[in-house]
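Both ligands and their constituent atoms are indexed starting at 1 by order of listing. In what follows, every heavy atom counts, from backbone to side chain, and hydrogens, waters and symmetry copies are set aside. Numbers for residues simply follow the sequence, beginning at 1.
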Amino acid sequence: MYIDPHVHMVSRTTDDYQRMALAGCVAITEPAFWAGYDRSSPAGFFDYFRQLTDFEPKRAAQYGIRHHTWLCINPKEAEDPVFAREVIALIPQFLKCENVLGIGEIGLNKNSRNELEILDAHLALAAEHDLMVLVHTPHLEDKLKGTKLIMDAIRNHARLDPGRVLIDHVEEHTVRHVLDRGFWAGMTLYPDTKCTPQRAVDIFEMHGTERLWINSAGDWGNSDPLAVPKAQIEMKSRGHTLESVKKVSFDNPMKFLSQSGRFRIA
Ligand SMILES: [Zn+2]
């Protein structure tokens, strides 16, 4: 049994749902993200939020998987602050939907000034409504710098408890910074680029399993919705106990997500 706490199911087929269910997936959370193209109007986001809060939970339920979501305008489309603020203004009306856990995946892409302004607007919304936060961190050489900028921005909001914020896409050089500041950390598993299941298990062996989870981030690119069960196999093959396998793939996401009061596995 496992939870995939970060997977973009709007871009996956029903075959993927079936394979995930067969591999033991009981619940997922789906952050709002870039669609592969920039939306031409805020109405495009309104429809996307309806898909995430209405249609996708029903699709998942057909396979016995509980679907939850996080709402935001992703950093890639946050370069135009006027446009981005119009999208953020749409979010409060969706907060009453029972599968919405919080704001995400917000963060930075190119670490630009406009992205930082919109990150801050999202954090203010989360603080105002006492919501949990899921954070995307930039890739490659900007990752450490971006991660530090994001953590500083969160610290400016005294009402946001780092224990209710998860910083995703951590790697070897960022995981310690995130955990030491009291945040939760997520490792995104990709088949070849970024963090592979093997690298993720190396990171568990180096840094322990406290406040750390794994996810597939399955999307429309080269990604693998079965990455979490593959990491479970990697852990077992290296002699890790069933208890620690369960901890990272089920207990930890359960503990973090349950703070929302809305997370369910059945
Ligand atoms: Zn994502």
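Panel detail: the Zn ion (ligand 1) has protein N, O or S atoms under 2.8 Å away, 3 in number.
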Worked check of side-chain contact (heavy atoms from CB on, under 4.5 Å) between Arg199 and Glu171: CA-CA 9 Å; Arg199 274 173 65 194; Glu171 291 183 356; 3.7 Å; yes

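The pair Glu56-Arg50 fails the salt-bridge criterion, with no side-chain N (NZ, NE, NH1 or NH2) lying under 4.0 Å from an Asp/Glu carboxylate O. A salt bridge links Asp224 with Lys230: the distance from a Lys NZ or Arg NE/NH1/NH2 to an Asp or Glu carboxylate oxygen falls below 4.0 Å.
For the pairing with Glu77, the side chain to side chain contact (heavy atoms under 4.5 Å, CB included) check across Ile118, Asp38, Asn109 returns one residue only, Asp38.
Grouped with Trp213 in one hydrophobic cluster are Met1, Ile3, Val26, Trp70, Leu101, Met132, Leu134, Leu166, Trp184, Phe250, Met254, Phe256, Leu257, Phe263, Ile265, the linkage being side-chain heavy-atom contacts under 4.5 Å among Ile, Leu, Val, Met, Phe, Trp and Tyr residues.
For the residue pair His240 / Glu205, a side-chain donor-acceptor distance below 3.5 Å is found, with atom types taken as modelled.
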